[in-house]
Amino acid sequence: MGVLNVTPDSFSDGGLYAEPHAALEQAAALAAAGADLLDVGGESTRPGAEPVSAAEERRRILPVVRLLKQHLSLPVSVDTRKAEVAAAALDEGADVVNDVSALSDPRMGSVVAAAGAAVVLMHMRGEPRTMQADPRYDAVVAEVRDHLATARKKAIDAGVAAGRIALDPGIGFGKTTEHNLLLLRHLGQLAALGAPLLVGVSRKAFLGKLLGGKPAPERGQATAAACVAAYLNGANIFRVHDVALVREALEVAARIQTAA
Ligand code: HH2
């Protein structure tokens, strides 16, 4: 899954692709690099980010979804927590809703179900503005697993087909470095829920912390390593900025895993 942020303030690529034709160019580059899916986001969810209105999110996302569906053949997901924005994007032809709040909007499940779309349900503790203020868990892996199991049931009850749901531990969303490492180490416990697993580790702060404060643009190798580890522990979908780098790393890891 290639990341296409059409926001002015995302942590690693904010402002670069806010104009729809710049976004299309970047999307074509992600496709050429081997992305299977493009994730368009109009609201930054980095720690401390301020919320964006539905009208502004629609203004940022919809022209881009329209252009991608006209010019590229890849499926498109929209990274939004708002049912109103998801419904409008699905009308434009989006295929997947990537909901980092796992159906916090009470209408989201029925919007996804009505469109026959797929959905990613991600675990987040709190909300982006405040989520990194001293996150605590008794048992992070079990708590995230139970939260995702409940969200999955909620989606199914709203009419979403079970086979159209992917789950995501929400790396960096209300979690310390240790929480992130434990979740990546024990992904198998989440895989046991029976849904495909998505992980988003790309250039995130915990990788910088592990490497003595490396800045976001220099976290490519760390991203690839984390994706390979996640793959070996059961992840299926990798949300990344540098698709070519991660795809190569995963291709080699997959060849080793499947060698007979
Ligand atoms: N991480 C980010 C955004 N959306 N969606 C899922 N399913 N999983 C993630 O881990 C995830 C996500 C944050 O990364 P980025 O898009 O690069 O930054 P920003 O939130 O500032 O747009």
Side-chain angles (χ1 to χ4, degrees), residues 1-18 23 26-27 30 35 37-52 56-57 60-61 64 75-82 85-86 89 94-104 108 112 117-129 131-132 144 147-148 151-152 155 165-175 179-180 183-184 187 190 195-208 215-217 219-220 222-223 226-227 230 235-243 246:
M1 175 189 265
V3 178
L4 192 58
N5 282 320
V6 292
T7 51
D9 58 346
S10 287
F11 79 93
S12 80
D13 56 3
L16 289 181
Y17 315 118
Q26 171 64 4
L30 292 167
L37 171 67
L38 299 169
D39 189 41
V40 181
E43 178 186 40
S44 177
T45 48
R46 79 186 145 72
E50 290 295 332
V52 171
E56 176 61 15
E57 220 182 315
R60 292 177 184 177
I61 286 181
V64 175
V76 170
S77 75
V78 282
D79 188 342
T80 185
R81 298 182 276 167
K82 300 185 188 77
V85 175
D95 305 273
V96 182
V97 176
N98 175 19
D99 183 358
V100 300
S101 72
L103 310 186
S104 65
M108 186 64 102
V112 172
V119 68
V120 178
L121 302 174
M122 196 197 80
H123 175 273
M124 170 164 56
R125 171 65 68 82
E127 57 170 292
R129 205 168 44 79
M131 66 190 177
Q132 287 305 102
V144 168
H147 176 98
L148 291 176
R152 180 167 179 266
I165 302 170
L167 302 176
D168 181 339
I171 298 300
F173 284 83
K175 283 135 193 140
H179 295 142
N180 293 326
L183 285 164
L184 291 168
L187 276 180
L190 308 182
L197 288 184
L198 188 154
V199 291
V201 294
S202 192
R203 301 178 181 167
K204 283 189 176 169
F206 81 106
L207 298 173
R219 295 175 194 155
T223 297
C227 285
N236 310 95
I237 306 165
F238 307 85
R239 182 182 183 279
V240 297
H241 302 87
D242 188 341
V243 170
V246 173

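Numbering of ligands and ligand atoms starts at 1, following listing order.
- Partner of Asp79 under the side chain to side chain contact (heavy atoms under 4.5 Å, CB included) criterion, out of Val100, Leu4, Val40, Ile61: Val100 alone.
- Residues Glu43 and Thr7 approach most closely at N-CG2, 3.5 Å, considering heavy atoms.
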### Task
Could you walk me through whether Arg125 and His147 pass side-chain contact (heavy atoms from CB on, under 4.5 Å), step by step?
CA-CA 10 Å; Arg125 171 65 68 82; His147 176 98; over 6 Å; no
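- Around atom 13 (C) of ligand 1, the closest heavy atom drawn from Leu4, Thr7, Thr45 belongs to Thr45.
- Contact annotation for Leu198 and ligand 1: only side-chain heavy atoms (C-beta onward) come within less than 4.0 Å of the ligand.
- Considering only non-hydrogen atoms, atom 10 (O) of ligand 1 lies nearest to Lys204 out of Met1, Arg203, His123, Lys204.
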### Query
Checking side-chain contact (heavy atoms from CB on, under 4.5 Å) for the pair Cys227/Val240: CA distance, chi angles, key distance, verdict?
CA-CA 9 Å; Cys227 285; Val240 297; 3.9 Å; yes
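- Of the candidates Arg46, Met124, Arg239, His241, it is Arg239 that places a heavy atom closest to atom 14 (O) of ligand 1.
- Near Phe173, meaning under 4.0 Å from any of its heavy atoms, are these atoms of ligand 1: 1 (N), 2 (C), 9 (C), 10 (O), 11 (C).
- Atoms of ligand 1 found under 4.0 Å from any heavy atom of Met122 (numbered from 1 in listed order, with element): 6 (C), 8 (N), 9 (C).
- Close approach to Asn98 involves these atoms of ligand 1, each under 4.0 Å from a residue heavy atom: 5 (N), 6 (C), 7 (N).
- Minimum interatomic distance between Leu190 and Pro169 (heavy atoms only, all atoms of both residues): CD1-CB, 3.7 Å.
- Closest approach of Ala102 to Ala151, counting heavy atoms only: CB-CB, 3.9 Å.
- Counting heavy atoms under 4.0 Å from ligand 1, residue Val100 touches it through the side chain alone.
- Comparing Thr80, Asp168, Val201 against atom 7 (N) of ligand 1, the shortest heavy-atom distance belongs to Asp168.
- Checked for salt-bridge contact, Arg239 and Asp168 miss the test: no charged N lies under 4.0 Å from a carboxylate O.
- Taking every non-hydrogen atom of Asn5 and a distance limit under 4.0 Å, the qualifying atoms of ligand 1 come out as 15 (P), 16 (O), 17 (O), 18 (O), 22 (O).
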